[in-house]
Amino acid sequence: NKNKTKNKKKTRRLILKPTNTTPIMYVLGLDIGTTSVKATVVDGTSHEVIKRCQRAHNAGVSKGDIEEGHKEQDVSLIWGAVDTCMSELRLASLPHKVERIKLSAQMHGCVLWKQSANVTVEAVLATCSPNVTWEDRRCSPAFVSACLSHQVNAGKHSGLAPGYAWATVMWWMQQGDTLDQYDSMGTVGDFVSAMLSEKVSGERAVMDPTQAAAFGFFSRFDQCEGTKRDVGDWNMPALQAACDNIGVSSRTVQRIAPRIVPSNTSRSVDPVVGASWGIPASAKVFVCSGDHQLHVLSAAAEGSLGASTATINLSTSAQITLLLPQGTVLDLPHPGLEIRPYFDGLQVVVFAAMNGGNVLAALSNSIVTLVNGLAPHTQLTSHDVFEYINLLFAQQREQVTVSSRQTSSADKIALNVKGTLYPERTGHHSQMSIHGITESTCLCDLVSAICTSLVQNLCSPLQRIAECPIDGVYIGGTLSKLHPIRQAVEATLRLRPQTFECDSSLGAAIFAATRS
């Protein structure tokens with residue numbers, strides 16, 4: 001039947017050589033994002049997506065309950081969203097069992113908790129800290145500079161910035177919190193992974209290199225000696241110097257620092273949690289990895305991803321990434337560029353922008369506030385605004401008269417957005433401003449100009465690396481289907497972007513399917 005053949009879903013296959021040869025059944029990828037939780041069940045052999053679920057966790061602590069610049073989330077609400085997703089997947093009803101689970105999570109932020117055996121998840125949730133996210137700004141640039149001073153002999157590490165976990169922990173200690181009530185630390189994904197795994201009392205929390213590099217004070221494997229050359233390690237001399245600089249004890253840092261393990265490290269599933277979600281006791285839970293690296297892995301599943309092919313993820317924040325061949329040594333020409341651990345001994349060079357979908361979200365929230373203030377009965381939402389913007393661009397593309405195209409083109413050239421809404425981690429911040437507004441400027445022109453500004457801010461640092469020319473680009477994330485974003489990427493890089501399913505829950509599932 002030709003129609004059946006035509007409509008049949010295309011099977012996903014990795015271009016990377018799988019390191020696992022053991023026959024498996026289904027695998028589960030679980031992503032703990034800034035705004036939502038995603039779960040993807042994948043056939044372990046064909047990599048075909050079997051089932052999916054996504055739920056907003058609405059875990060952000062309201063501004064009225066925390067100080068200005070603080071960005072915190074209620075971990076119990078995040079766990080509740082995970083539980084809802086898992087219940088809706090109805091894993092026990094699937095034809096095959098889920099044998100492997102891999103987690104992905106938002107990076108840089110942290111949760112602290114008390115690790116205990118024979119204690120319910122609810123009991124741990126009742127005493128854990130909030131999740132301080134990557135958007136947190138309680139640590140001023142001056143505080144970060146103080147932490148990093150006098151470290152000439154400390155060796156190389158991944159640095160520090162506001163929103164990085166080690167900066168948050170040292171800020172807490174400087175405020176007088178001894179953190180004695182906690183013995184474990186990690187990202188919110190590491191926390192969920194720990195709750196989902198079989199628990200051992202007194203055992204240190206574990207973390208993979210992709211997450212550790214985003215905490216700060218992490219030395220990559222190529223910067224380490226001896227036994228740590230396989231995964232990297234915390235730069236303890238640098239951490240201790242930072243504690244000394246701000247007058248706090250380094251003993252707490254040494255006590256709660258997670259143990260860094262390879263990304264394919266796994267443990268047995270917690271029998272109680274597993275049984276409640278229809279996961280067999282034989283299932284293995286891999287250590288959590290960074291959502292950024294798993295985004296790149298999901299792009300690799302789409303097609304050929306060479307060293308000169310950039311991947312762009314445009315979601316709440318934004319990242320542009322290039323894979324680095326083994327042994328590559330780079331002089332990074334921009335302070336915001338980083339070299340991060342990837343998988344299988346590879347590394348990536350990345351610019352992680354603080355300005356992404358959150359900028360358009362701020363615009364839509366302003367529109368919502370204005371409209372609902374003028375007409376309270378409308379009850380407009382941010383989702384409604386995004387839908388309306390997409391509709392406007394669809395209608396604009398359908399216009400075929402020469403006059404309408406000329407008018408649109410003229411307006412777009414006139415409107416120019418400079419600076420950024422949120423400070424980047426480079427320390428320099430030029431406040432966003434809009435130039436060239438005329439009486440004919442419309443919402444589409446404003447959104448197009450903002451999208452162009454976002455893409456130029458994202459791509460410019462990577463374009464400065466002479467050793468890494470870009471000859472192809474994959475684009476994914478929640479903003480990737482927005483027409484002005486695609487136009488801006490093509491104009492900035494002079495390349496037609498290929499869309500990929502930028503989903504770190506899918507990347508996590510593919511990782512679990514292809515690793516021992």
Side-chain angles (χ1 to χ4, degrees), residues 69-72 105-112 129 131-175 177 179 185-188 190 207-224 232-258 260 290 292 317 319 332 334-341 347 349-354 422-429 461:
H70 293 205
K71 289 285 188 177
E72 298 180 358
Q106 50 178 294
M107 301 164 69
H108 302 293
C110 67
V111 179
L112 280 72
S129 77
N131 177 41
V132 180
T133 78
W134 56 273
E135 296 175 295
D136 191 83
R137 286 294 173 271
R138 72 189 65 199
C139 299
S140 67
F143 177 85
V144 172
S145 295
C147 291
L148 294 175
S149 62
H150 308 299
Q151 293 196 1
V152 177
N153 300 318
K156 295 182 179 180
H157 57 79
S158 58
L160 201 66
Y164 280 32
W166 281 126
T168 301
V169 165
M170 286 188 280
W171 185 91
W172 270 330
M173 290 193 292
Q174 193 188 56
Q175 301 303 306
D177 193 337
L179 307 179
M185 170 188 178
T187 67
V188 67
D190 294 313
M207 173 178 281
D208 93 327
T210 67
Q211 294 279 44
F215 262 40
F217 294 114
F218 172 78
S219 295
R220 303 189 309 268
F221 66 86
D222 58 325
Q223 298 170 336
C224 292
D233 200 8
W234 302 120
N235 189 321
M236 277 301 171
L239 268 167
Q240 290 168 359
C243 290
D244 292 341
N245 291 340
I246 61 172
V248 299
S249 172
S250 61
R251 288 193 295 272
T252 298
V253 166
Q254 294 171 323
R255 179 176 59 82
I256 66 174
I260 301 173
H292 167 237
S317 58
Q319 303 89 31
L332 300 179
H334 186 279
L337 288 167
E338 303 173 59
I339 294 178
R340 292 181 177 178
Q347 298 183 124
V349 58
V350 57
F351 178 68
M354 299 295 290
Y422 303 106
E424 296 293 352
R425 295 190 178 106
T426 57
H428 172 73
H429 182 220

Spatial distance of atom CZ (Phe217) from atom CE (Met236) [nearest 0.5 Å]: 10.5 Å
Within the 6.0 Å centroid threshold, strictly below: His108 and Trp166: no
Test item: Asp136 side-chain N/O and Arg138 main-chain N/O as donor-acceptor pair under 3.5 Å: yes
Worked check of side chain to side chain contact (heavy atoms under 4.5 Å, CB included) between Val111 and Met185: CA-CA 6 Å; Val111 179; Met185 170 188 178; over 6 Å; no
Gln174 (side chain) donor-acceptor with Gly247 (main chain) under 3.5 angstrom: no
Side-chain H-bond candidate by donor/acceptor type, Asp190 with Thr187, under 3.5 Å: yes
Whether over 12 other heavy atoms sit under 6.0 Å from Arg251 CZ: no
Residue list, ring-ring contact (aromatic ring centres under 6.0 Å, His included) with His429, at least two apart or on another chain: none
Close side-chain approach of Leu179 to Leu112, heavy-atom, < 4.5 Å: yes
Asp233 side chain near Ser219 side chain, heavy-atom distance below 4.5 Å: no
N/O donor-acceptor pair under 3.5 Å between Arg137 side chain and Pro162 backbone: yes
Check: Pro258 main-chain N/O paired with Trp234 side-chain donor or acceptor under 3.5 Å: yes
Separation between CD of Glu338 and CG of Leu332, rounded to the nearest 0.5 Å: 9.5 Å
For Ala352 against Glu424, the heavy-atom pair lying closest together: O-OE1, 4.1 Å
Spacing of CZ belonging to Phe218 relative to CD1 belonging to Ile260, to within rounding of 0.5 Å: 5.0 Å
Gap separating the CE atom of Met107 from the CZ atom of Phe215, nearest 0.5 angstrom: 10.0 Å
Side-chain donor/acceptor of Asn245 to backbone N/O of Ala146, under 3.5 Å: yes
Between Gln254 and Thr252: side-chain donor-acceptor atoms closer than 3.5 Å: no
Closest contact, heavy atoms only, Tyr422 versus Met354: CD1-O, 4.1 Å
Non-hydrogen atoms of Trp134 and Ser317 that approach each other most closely: CH2-CB, 3.5 Å
Heavy-atom pair of closest approach, residues Leu160 and Cys147: CD2-CB, 3.9 Å
For the student: nearest non-hydrogen atoms of His334 and Gly336, plus distance: ND1-N, 2.9 Å
All ring-ring contact (aromatic ring centres under 6.0 Å, His included) counterparts of His292, not counting sequence neighbours: none
Under the side chain to side chain donor-acceptor pair (under 3.5 Å) test, residues paired with Thr210 that sit two or more places apart: Asp208
Non-hydrogen side-chain atoms of Thr133 and Gln106 separated by less than 4.5 Å: yes
Minimum-distance pair of heavy atoms, taken over all atoms of Pro341 and Ala213: CD-CB, 3.5 Å
Straight-line distance of Lys71 NZ to Thr168 OG1, nearest 0.5 Å: 14.0 Å
pair Trp172-Val132: side-chain heavy atoms closer than 4.5 Å: yes
Exam field: side chain Ser250 to backbone Val253, donor-acceptor pair closer than 3.5 Å: no
